[in-house]
2 protein chains.
Amino acid sequence: MQPSDLLDCPMEPLSLRERRRDAILDAAEALFLEQGYERTSLAEIVKQSGGSLATLYDLFGNKQGLLHAIASRWGNEARSQPAECMAMTDLSNVELLKGYAHRQCDRMRSPRSVALMRMLISESLRDRDFALQIYRDLHIPATEELSTLFAEWAATGQAEIDDPEAAAKLLLSIVIGDSMLHTLAGLENEWLDNEELDWRLQPFLSHFRII
Amino acid sequence: MQPSDLLDCPMEPLSLRERRRDAILDAAEALFLEQGYERTSLAEIVKQSGGSLATLYDLFGNKQGLLHAIASRWGNEARSQPAECMAMTDLSNVELLKGYAHRQCDRMRSPRSVALMRMLISESLRDRDFALQIYRDLHIPATEELSTLFAEWAATGQAEIDDPEAAAKLLLSIVIGDSMLHTLAGLENEWLDNEELDWRLQPFLSHFRII
DNA sequence: AGCGGCGTGTAATTTACATTACAGAAAAGC
DNA sequence: GCTTTTCTGTAATGTAAATTACACGCCGCT
């Protein structure tokens with residue numbers, strides 16, 4: 001019906017039901033991330049989102065259904081902004097990789113990522129599907145884009161990388177490293193700054209002859 | 001009554017109360033690690049340990065007190081077997097470090113460590129003291145023994161390590177890396193084998209001229 | 001205007017625990 | 001052996017939350 005839309009049909013005014021649904025998802029997401037899944041009651045969510053408990057049950061079936069709906073929304077989000085374009089710049093590969101590391105580190109240390117990771121881990125025993133789905137949506141893409149890049153470098157002689165996938169995982173380990181565990185354990189402010197990050201990359205860069 | 005044993009003051013027969021205490025701690029630890037703290041009921045613990053709910057309350061005050069007692073027992077355990085002696089062998093430093101990495105990796109991937117870490121993270125929002133205490137008892141020592149070793153190597157010209165502590169954290173990151181997150185998220189069997197571990201150490205070893 | 005759903009607010013219902021109370025059994029100390 | 005203190009089993013008590021039921025008001029449709 002809409003005259004023109006490129007992505008994600010923006011025109012239609014969204015039915016009340018759909019706006020309710022979004023509001024509930026927003027509130028639930030915020031509260032789950034802030035307090036954890038178990039410690040957040042459905043009544044609290046509804047109080048914050050407006051609407052009523054009955055509607056929530058009508059939309060999502062039960063509490064776990066709500067969680068899955070959130071997970072699936074995250075997945076869509078992640079898929080809709082697929083990758084940062086890493087080629088096509090005038091930077092050296094070294095600078096490119098450093099920039100990537102900095103951004104990846106920022107991404108991982110954002111309060112939202114940390115909360116997400118914490119929730120994922122907390123629920124992984126109870127609801128394995130939820131945990132696996134989130135994990136795949138969020139982390140596998142990161143590894144893959146990096147390993148594609150490395151493979152390309154290796155193929156064109158810009159680096160000597162025998163196993164691009166292993167190298168990608170190694171790089172992510174170096175970047176995420178123990179900081180993630182620190183943070184998840186509740187010690188904030190323990191992340192690497194860009195200087196230490198660059199220092200950490202040195203062995204990697206020289207070993208794989210990235211220039 | 002045993003004729004001879006060396007450590008851990010063996011003689012006294014342990015009062016009933018002390019045996020009860022230990023039994024409750026054992027059962028609680030097992031159940032907490034297996035199911036998580038919140039999902040384990042005190043009744044369940046008592047059913048498994050023997051004894052009665054009233055005794056549990058008498059000994060630990062409440063559920064959180066029980067958790068703290070467990071944490072403090074872990075701390076004592078960790079402190080009582082302080083470090084693996086890393087010097088005094090006829091191995092090369094490279095072999096030494098590889099061996100250390102392998103053992104550290106094994107330690108981290110043991111079901112008990114994983115469960116512990118998961119519980120720590122799950123409870124870190126609710127009970128920050130518990131999380132911090134565990135984290136310090138278990139991880140800081142690992143970093144410290146390694147960084148001491150590196151400092152020694154640097155001082156005696158066996159390696160060119162400008163910042164031993166940073167190097168120690170880097171090494172642990174390389175070893176633990178993303179595997180820990182994989183595992184915490186519920187994907188088992190994603191740990192590095194010794195071969196990949198050695199591969200990962202190469203850049204580190206050559207960069208710091210460890211021989 | 002009137003009708004049929006749908007969303008809302010409120011309040012039952014149910015369940016699962018933490019926590020407490022208590023009466024009898026067992027153990028410890030003398 | 002007797003007393004006192006400490007366990008044990010079981011049954012309240014109280015609370016928090018998920019889930020359901022229900023009666024009412026609002027909105028779009030004809």
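Letters A, B, ... are given to chains in the order of the sequence lines, protein chains preceding strands, and every chain is numbered from 1.
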Can you tell me the distance, in whole Å, between the CG atom of B/Leu56 and the C1' atom of C/dT20? 13 Å

Here the distance between atom C1' of D/dA17 and atom CD of B/Glu38, to the nearest Å, is 13 Å

Residue B/Asn62, side-chain atoms from C-beta onward, closest of C/dC17, C/dT19, D/dA17: C/dT19

Using only atom types and a distance under 3.5 Å, with no angle test, would you say the side chain of A/Ser124 pairs donor to acceptor with the backbone of B/Leu184? yes

Can you tell me how far C1' of D/dA18 sits from NZ of A/Lys47, to the nearest Å? 16 Å

Polar-atom pairs under 3.5 Å, protein N or O versus N or O of nucleotides 6-10 of chain D: list them with distances, or write none.
{"unit_1": "D/dC7", "atom_1": "OP1", "unit_2": "B/Arg17", "atom_2": "NH1", "d": "3.4"}
{"unit_1": "D/dC7", "atom_1": "OP2", "unit_2": "B/Arg17", "atom_2": "NH1", "d": "2.8"}
{"unit_1": "D/dT8", "atom_1": "OP1", "unit_2": "B/Arg20", "atom_2": "NE", "d": "2.7"}
{"unit_1": "D/dT8", "atom_1": "OP1", "unit_2": "B/Arg20", "atom_2": "NH2", "d": "2.7"}
{"unit_1": "D/dT8", "atom_1": "OP2", "unit_2": "B/Arg20", "atom_2": "NE", "d": "3.3"}
{"unit_1": "D/dT8", "atom_1": "OP2", "unit_2": "B/Ser52", "atom_2": "N", "d": "3.4"}
{"unit_1": "D/dT8", "atom_1": "OP2", "unit_2": "B/Thr55", "atom_2": "OG1", "d": "3.1"}
{"unit_1": "D/dG9", "atom_1": "OP2", "unit_2": "B/Gly51", "atom_2": "O", "d": "3.1"}

B/Leu66 CG to C/dA18 P, straight-line distance once rounded to whole Å: 11 Å

Side chain to side chain, B/Met180 and A/Met180, heavy atoms closer than 4.5 Å: no

Other residues, nucleotides, ligands: >12 heavy atoms within 6.0 Å of A/Arg73 CZ: yes

Would you please say whether a donor-acceptor pair under 3.5 Å links the side chains of A/Asp129 and A/His68? no

Between D/dC27 (C1') and A/Arg19 (CZ): distance, integer Å: 12 Å

Pair A/Glu18 + A/Arg21: basic N to acidic O under 4.0 Å: no

Could you state the atom-to-atom distance from NZ of A/Lys63 to C1' of D/dT20 in whole Å? 17 Å

If I take atom CG in residue A/Leu42 and atom C1' in nucleotide C/dG9, what distance separates them, rounded to the nearest angstrom? 16 Å

Ion pair check, B/Glu44 and B/Arg39, cut-off under 4.0 Å: no

Without decimals, in angstroms, what is the distance between A/Ile24 CD1 and C/dG7 P? 10 Å

